[in-house]
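One structure below.
The first residue of the sequence shown is numbered 1, and numbering continues consecutively from there. Counting starts at 1 for both ligands and their atoms, following the listed order. Values in this document were obtained by computation on a predicted structure and should not be read as measured data.
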Amino acid sequence: MKLSQYFLPVLRETPAEAQIVSHRLMLRAGMVRQSSAGIYSWLPLGFRVLKKIEQIVREEQNASGAQELLMPTIQPADLWIESGRYEDYGKEMLRIQDRHQRAMLYGPTNEEQITDIFRNTIKSYRDLPRNLYHIQWKFRDEVRPRFGVMRGREFLMKDNYSFDFDYAGARRSYNKMFVAYLRTFARMGLKAIPMEAESGPIGGDMSHEFLILAETGESKVYCHRDFIDFNPIEHEIDYDADLEPIVARWTSLYAATDDRHDQARFEAQVPEDKRLIARGIEVGHIFYFGGKYAKPMGALVAGPDGEMTPVEMGSYGIGVSRLVGAIIEACHDDNGIVWPEPVAPFKVGLVNLKPGDAECDELADGLYRQLGAAGIEVLLDDVDDRAGAKFATMDLIGLPWQLIVGPRGVKEGTVEIKRRADGERETLSPESALAKLSRGPTG
Ligand code: ATP
Ligand code: MG
């Protein structure tokens, strides 16, 4: 992509309406624009990141054995009346009437919809387990939409739903998601800590929220400091194996969100110098709820003895659009965003310091073509501007690598390469720079 043709409306000024750094940077870097409170348009740069995150989530869901489908955003109210949640959900639900005066709603989540699909198709334990997910926009009329895409009213969520015959099966499904989430967030360069969360009327220990620590987080959390040093799971996972040991390790230390926190247990289990009381951003939530929807909605399956019992369900959410902001909260410096490579909108920002200069153009255009041919995503800054302004924009939008072509280097047969994360610079021949950028994520 060439910057001269790219729709990238960067702002030099700091937008006054944005309270936290990720929101400011997303506006300044031309990633999103607000449509109305908590509702955003995704501009090309932001949209690329959103899609990268979505794709990582999708790949990890698929690896775990979950299957993707797509349910609608607009749902009939009838389903929610059946489950008993239509009234309970209150003002957060956006209620809509169609031309026939039928009550509809913009889905805040999809338990009812998926339970309806399930009950109309699956009748026997032989067809279990099943795990279905989609990545779809949700609407919740939040009292206080704020912090940009982090607490929006319209937001993109990956949500899946597991169906099992018995509790043991539900536990296996839960463990798969637990591990898939650890891998998903690690792939985005994030340290997400699974924390015990409110489990609702069913109780039990199968409810975890995944949080990344950040001062701007809305959740108060209590956890063992050693979690910070836990190595993320990067190796391949055999999802058919027993995952209990991995889950046991990641739940062996105290970690709880505010609504689940127990001070006495915290003090008993965590030595004083290891107690961490901090703030966090909830990026995912996994939750077992048994027959909560299956019972009122009649999602029954026949067991080996022919007896019909409510299917055991769990639901699992990841805040895909919230993650864009959350990653920026975790990865930025004074000059702008510092994208982890797997979610970066482009891997390389190729800066031509003197567009119009025949030699600079030839080298920059050649590198642009070669990077493209090597399958490396590159944004070529071919705009006629001061060097300072060009670097400021590149730092702001946070591409992992800057490749700089200037008149002096051209004469000497060199280019400069700068790593955004630590500012480390190297002067190289164009060939060596290409070879370096063609290598894996660590370059
Ligand atoms: P929160 O406590 O932040 O309101 P929640 O418990 O209501 O979240 P869930 O119903 O568990 O959220 O939704 C799954 C995921 O969707 C959350 O972990 C979060 O990452 C994301 N999410 C929830 N509400 C919003 C929102 N208003 N804007 C953006 N993402 C959201
Ligand atoms: Mg939650």
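- Within ligand 1, the atoms closer than 4.0 Å to a non-hydrogen atom of Glu142 are 24 (N), 26 (C), 27 (N), numbered from 1 in the order shown.
- Legend: residues meeting salt bridge (Lys or Arg N to Asp or Glu O under 4.0 Å) with Arg153, ordered by chain and number and at least two apart, are Asp141.
- Considering backbone and side-chain atoms alike, Gly152 places an N or O below 3.5 Å from some N or O of ligand 1.
- The shortest non-hydrogen separation linking Glu198 to His285 is O-NE2, 4.5 Å.
- In this structure, Tyr125 and Phe165 have tilted ring planes: the angle between them lies in the 30° to 60° band.
- Considering backbone and side-chain atoms together, Arg151 places an N or O closer than 3.5 Å to an N or O of ligand 1.
- Close contacts of ligand 1 with Val149, meaning ligand atoms under 4.0 Å from a residue heavy atom, involve 29 (C).
- Between His285 and ligand 1, a contact under 3.5 Å exists for at least one N or O pair.
- Residue contacts with ligand 1: Met150 is included, with a non-hydrogen atom under 4.0 Å away.
- The proximity of Glu282 to ligand 1, defined as any non-hydrogen pair under 4.0 Å, involves the side chain as well as the backbone.
- The aromatic ring centroids of Tyr288 and Tyr167 lie less than 6.0 Å from each other.
- Salt bridge Arg171/Glu244: present, at least one basic N to carboxylate O contact under 4.0 Å.
- The shortest heavy-atom distance from Val283 to ligand 1 is under 4.0 Å.
- Not a single heavy atom of Ser321 sits under 4.0 Å from any atom of ligand 1.
- In this structure, Phe178 and Phe210 have perpendicular ring planes: the angle between them is above 60°, well past the 30° mark.
- Partners of Met1 under the side-chain contact (heavy atoms from CB on, under 4.5 Å) rule, at least two apart in sequence or in another chain, are Tyr6, Phe346, Leu379.
- With a heavy-atom cut-off of 4.0 Å, Leu323 does not touch ligand 1 at all.
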